Protein chains: 2
Amino acid sequence: MSRTIFPAPDHDHKRCTNAAIAHAEAHCAARAQRLTPMRRQVLETLLESHKPLGAYEIIEHLAHEDRPAPITVYRALNFLKDNGLVHRIESRNAFVACVHNHECDDIVVFLICERCGTVGEAPGGTAAKALETAARAAGFVPKSPLIEIAGICSHCRKR
Amino acid sequence: MSRTIFPAPDHDHKRCTNAAIAHAEAHCAARAQRLTPMRRQVLETLLESHKPLGAYEIIEHLAHEDRPAPITVYRALNFLKDNGLVHRIESRNAFVACVHNHECDDIVVFLICERCGTVGEAPGGTAAKALETAARAAGFVPKSPLIEIAGICSHCRKR
DNA sequence: GCGCTTTTTGCTGCGGCGCAACATAAATGT
DNA sequence: ACATTTATGTTGCGCCGCAGCAAAAAGCGC
């Protein structure tokens, strides 16, 4: 787990946004999936913060032009999730854009700051693999490990 | 992680229920907490299955006498949760009774069978500790790790 | 037992979450 | 151009979770 996995509050936001959008376009093109305007807007909304947003918060954010219905946003979110472009934070019933600082087949650990709400995304590494192995030892065939750790991030602790 | 952490579908259900109720009584008595009829009924409902139940399912189950309001069940669930007698399964928005096959201060791993819905509760052991350590290395102060693994349990796989 | 405080439960109401079912529009393929 | 697939819009609904206040019950000192 690297030491830079948690986004600094003052980092260059447009840079990672542009990179993520470019990645999304390439990824969809490669898989013959369509990154429609709706889907792109939802993704961009999530990219504008590293905090998890609920579907209704996304709606609020997009409301300035033509407020989409909840189901529309949920469909876009499902598409993005199926394509690995966003993650769902189960403990928050909310979504974050994937920042791709991990291998695609890696188990991901979410670090959720209780103070500022920012979510860091870290490769699970050997610990996550060990969990899977232990589960298998109990006769359990794991599909999708879910690891979320709430706490206080380094930037908030310094304040 | 022991090999018996996942409850067999045909195990003696009354035995573990009685044990858990006895534990709950002792635990509450020791802490001057009151295991009221309402709270006991909610706990018993959860103990009657190893599957996670939503609050409204619990209401349905208790409806034969005097249907409690949602808020009543949520309050009982919060009490039970605060006292470590039930766990919330975040990925299901539901609750399971704690089976206490782990140390109280252990990080718990939930194994959730996608076929039968049964939830196994396992001590996280060294892997969970390693996750905490790695999070700290990234400057993150972890509070409450949440680990849920969906998959297929051994009993369902044999079928 | 009697009043007082604390705890628990009941009641009303509400907002967020998540999607099913169906209709319409847009893109794609031939 | 046409049929087929895919995406979006519309309506509606059920579950989740709790705030705010009122009533009842339990504990406590006297």
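Residue numbering restarts at 1 for every chain, and letters A, B, ... go by the order of the sequence lines. Note that this is a predicted model, so its numbers are computed, not measured.
Of the listed nucleotides (D:dT8, D:dA19, C:dC19), C:dC19 has the atom at the smallest distance from the side chain of A:I71. For A:N93, the side-chain atoms get nearest to C:dG18 when compared with the rest of C:dT9, D:dG9, C:dG18.
Using a 4.0 Å cut-off, no side-chain N or O of B:T36 falls inside it from OP1 or OP2 of D:dA25. Note on B:Y56: every side-chain N or O is 4.0 Å or more away from OP1 and OP2 of D:dC15. In this model, the phosphate group of D:dT8 is not approached by any side-chain N or O of A:T72 to a distance below 4.0 Å at OP1 or OP2.
Within 4.0 Å (heavy atoms only), A:R88 reaches sugar-phosphate atoms of the nucleic acid but no base atom. Within the nucleic acid shown, B:A69 has no heavy atom closer than 4.0 Å to any nucleic acid atom.
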Please list, one pair per line, the donor and acceptor atoms closer than 3.5 Å that link side chains of residues 5-12 of chain B to other protein atoms, with sequence neighbours excluded.
unit_1 : atom_1 : unit_2 : atom_2 : d
B:H11  : ND1    : B:A8   : O      : 2.5
B:H11  : NE2    : B:H13  : ND1    : 3.2
B:H11  : NE2    : B:H50  : NE2    : 3.1
B:D12  : OD1    : B:K14  : N      : 3.3
B:D12  : OD1    : B:R15  : N      : 3.4

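Heavy-atom distances to DNA chain C give each of A:P70 and B:R34 a nearest nucleotide, and the one nearer the 5′ end belongs to B:R34.
In the interface, the side chain of B:R75 is paired with the base of C:dG10 through a donor and an acceptor atom under 3.5 Å apart.
Side chains of A:E121 and A:V109 form no contact here, defined as non-hydrogen atoms less than 4.5 Å apart. Looking only at side-chain heavy atoms (C-beta outward), A:R92 and A:E148 stay at 4.5 Å or farther from each other.
Within the structure, the salt bridge (charged side-chain N to carboxylate O under 4.0 Å, His left out) test picks out the following pairs touching residues 36-45 of chain A (sequence neighbours left out): A:E25-A:R40.
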